[in-house]
Number of protein chains: 2
Amino acid sequence: MSVAIENFVKAIYKNGKRNNNDTKPGNIAKELGISNAAATDMAKNLATKDLLKYQKYKPLELTDKGTKMALSVIRKHRLWEALLFKLFDMSLHDIHREAELLEHQTSDLLAEKISEYLGNPKFDPHGDPIPNANGEITTSDTSISLSNANEGKSYTISRLMSDDKEFFEFCAQNGLKYGNTLVVSKQFTNNKMTQILINNNTILLNQDFTSIIYVNENN
Amino acid sequence: MSVAIENFVKAIYKNGKRNNNDTKPGNIAKELGISNAAATDMAKNLATKDLLKYQKYKPLELTDKGTKMALSVIRKHRLWEALLFKLFDMSLHDIHREAELLEHQTSDLLAEKISEYLGNPKFDPHGDPIPNANGEITTSDTSISLSNANEGKSYTISRLMSDDKEFFEFCAQNGLKYGNTLVVSKQFTNNKMTQILINNNTILLNQDFTSIIYVNENN
DNA sequence: AAACTTTTTTAAGTTTACTTAAATATTTAT
DNA sequence: ATAAATATTTAAGTAAACTTAAAAAAGTTT
C-alpha cells in the first residue's frame with residue numbers, strides 16, 4: 001500500500017474524529033492538497049480494496065481494515081514524534097514534519113522497537129494518544145478544551161492538537177507545553193477569549209487556540 | 001528528487017567504487033531489480049538533470065551534482081544504521097533494510113541531529129565510512145581485504161562490506177563484528193580459503209566472504 | 001420553489017517509473 | 001575475422017496518482 005493511500009486513509013480517519021466530521025471527498029482533498037477529482041478517484045479505488053465504503057455524494061466511511069491502517073500510520077507517526085522529541089533538540093513543528101515522512105517507511109518491527117525503547121508511551125509530545133499495535137487508543141476522558149475551562153482553576157496541559165507551525169511557535173514562546181500547569185484567570189464573553197497565567201506570565205488566547213489546547217483540572 | 005532517482009544515483013556510485021567498476025545500465029538495472037530498458041530511460045532522464053553523463057553504450061558517469069546526491073543518501077543511510085544499532089537490539093540486516101527506506105525521507109536537518117547525537121561518527125556498524133555533510137569521506141587506508149591477510153597475524157575487523165542477509169547471519173553466529181579481533185591461522189592456495197581464529201573458535205571462510213571482510217593489522 | 005452557488009463526479013489528459021518485445025550495437029568465442 | 005552470444009537501445013504500452021474542464025447533483029438563499 002502506497003504513501004498516497006496511507007495518507008488518504010489517515011485524512012479520513014482524522015476528519016472523522018473532528019467536530020465537523022465531514023469526510024466527503026472535497027474535505028479530504030483540501031486536507032491533502034489535491035484536487036476534488038483526485039479524491040473521488042482515490043475513494044473509488046480504495047473501495048475496491050475494502051479500505052472504505054464509497055457511495056456517490058456521501059461521506060467516505062472507513063472499513064475496519066481502513067481504520068486499522070489509519071491507526072497503524074498514526075501510531076508510527078506519534079512514536080517517531082516521541083522518539084525525535086526525546087533524542088533531539090528540535091521544534092515540535094520540525095519533529096512533526098519529519099514524522100510525516102518517516103511514518104510511511106517504518107516496519108511494524110521498528111515501530112515496536114521504538115515503542116519499547118520509550119517504555120511503550122501512551123501519549124506523544126503533543127499529548128496525542130499513541131494507538132497500540134492492535135490499534136487500541138487510551139483516551140484521557142477527563143480532559144477538556146481550554147475554551148471550556150473555569151475561571152480561577154488550575155489545569156495541566158494534556159494535549160496540543162494541531163499541526164500548525166505558527167501555533168507551535170506561539171506555544172514554545174509562551175511555555176504552553178504538554179504537562180505544564182496553567183491557571184485560568186479570566187474567561188471572556190462566550191469563551192471567545194481566555195486569559196491564563198503560566199510561568200508567571202499572563203497571556204490572552206483567542207478561541208482558535210483555546211479550542212485545540214486540552215487540559216485536565218488539578219485537584 | 002524522487003526515491004527512484006536517489007537509488008539510481010546511489011547504485012551508480014556504489015558500482016563505480018567496486019572492483020568491477022561497471023556502471024553500464026545493465027549492471028545498475030540488476031542492482032536495482034529493474035529492466036535494462038528502464039535503466040537506459042532513467043539514465044537519459046538524469047542526464048537532462050545534470051546528475052550524470054550519458055553516452056550510448058558507455059558506462060554511466062556521475063557528475064559532481066550526482067556524486068553529491070549519492071553521498072548525501074549514503075550519509076543518511078549510514079547515520080540511520082548507526083542510530084538504530086545504538087538504540088535497538090536488531091540484526092544488522094534488519095537495520096540495513098530499515099535504513100534503506102528511511103534514507104530517502106530524512107531532511108538534512110535531521111541527518112545533522114542524528115550525527116550530532118552520535119558524536120559525529122566516521123563509521124557505521126559495518127565499518128562503512130559515513131560521509132560528512134559536505135560529502136567528504138574518511139577512509140582508513142591501512143585496511144586490507146581478509147583474503148590478502150597474512151598467516152599467523154592478528155587483525156581487527158574494520159569493515160563488513162555487504163548487504164547480504166546470509167552473510168550477516170553468518171557473521172553474527174561467528175563473532176565477525178566490526179572492531180573484533182581475529183588471527184589468520186592458515187591461507188589456502190591462492191587465498192581461495194582462509195582459516196581464522198576468532199573468539200577461541202576456528203572457522204573457515206571462502207573467498208566470497210574474505211573479499212568483503214576488511215581488517216587492520218594489529219601491532 | 002426557483003435560482004444561484006458549491007460540491008461532486010465524469011472525462012480526458014499528464015508525468016513518473018516502470019514493463020515487454022524487437023532492433024541494433026558491442027563483446028566474446030572460435 | 002566472422003559467427004554467436006550478450007547487452008543496450010528504441011518503441012510501444014501500462015499503472016498510479018495526479019491535473020483541468022465540463023457535466024451533474026446537492027445545498028443554500030431569497
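Just the heavy atoms: all of them, side chains too, but no hydrogens, waters or symmetry mates, feed the values below. In the text below, chain A, chain B and the rest are named by the order of the sequence lines, each starting its count at 1.
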All N/O pairs under 3.5 Å across the protein-nucleotides 7-14 of chain D interface:
residue: D/dT8; atom: OP2; partner: B/Gly26; partner atom: N; Å: 2.9
residue: D/dT9; atom: OP1; partner: B/Tyr54; partner atom: OH; Å: 2.7
residue: D/dT9; atom: OP1; partner: B/Tyr57; partner atom: N; Å: 2.6
residue: D/dT9; atom: OP2; partner: B/Thr40; partner atom: OG1; Å: 2.9
residue: D/dT9; atom: O5'; partner: B/Tyr54; partner atom: OH; Å: 3.3
residue: D/dT10; atom: OP1; partner: B/Lys56; partner atom: NZ; Å: 2.9
residue: D/dT10; atom: OP2; partner: B/Lys44; partner atom: NZ; Å: 2.0

Nucleotide [N], atom [atom2] - distance to [atom1] of [X] in whole Å:
X: B/Lys49; N: C/dT15; atom1: NZ; atom2: P; value: 12 Å
X: A/Ile28; N: D/dA17; atom1: CD1; atom2: C1'; value: 17 Å
X: B/Asn45; N: C/dT16; atom1: CG; atom2: P; value: 7 Å
X: A/Leu46; N: D/dA17; atom1: CG; atom2: C1'; value: 11 Å
X: A/Leu32; N: D/dA17; atom1: CG; atom2: C1'; value: 12 Å
X: A/Met1; N: D/dA16; atom1: CE; atom2: P; value: 11 Å
X: B/Ile5; N: C/dC18; atom1: CD1; atom2: P; value: 10 Å

Let me have the donor-acceptor pairs involving side chains of residues 50-59 of chain A, under 3.5 Å, with sequence neighbours excluded, atom names and distances please.
none

Open item on the list: Going by side chain to side chain donor-acceptor pair (under 3.5 Å), name the pairs with one or both residues in residues 116-138 of chain A, residues two or more places apart or in two chains.
Closed with: A/Glu81-A/His126, A/Ser115-A/Asn120, A/Asp128-A/Arg159, A/Asn132-A/Glu136

Open item on the list: When you measure from the side-chain N and O atoms of B/Ser35 to the phosphate of C/dT19, is any distance below 4.0 Å, counting only OP1 and OP2?
Closed with: yes

Task: B/Glu31: partners by side-chain contact (heavy atoms from CB on, under 4.5 Å), with sequence neighbours left out - done: B/Ala11, B/Asn15, B/Arg18

Task: salt bridge (Lys or Arg N to Asp or Glu O under 4.0 Å) contacts in which one or both residues fall within residues 3-12 of chain B, not counting sequence neighbours - done: B/Lys10-B/Glu100, B/Lys10-B/Glu103

Open item on the list: Quick one, A/Thr194 with A/Phe209, criterion side-chain contact (heavy atoms from CB on, under 4.5 Å). Give me CA distance, side-chain angles, the key distance, then yes/no.
Closed with: CA-CA 10 Å; A/Thr194 302; A/Phe209 282 6; over 6 Å; no

Task: Listed partners of A/Ser143 passing side chain to side chain donor-acceptor pair (under 3.5 Å), at least two apart - done: none

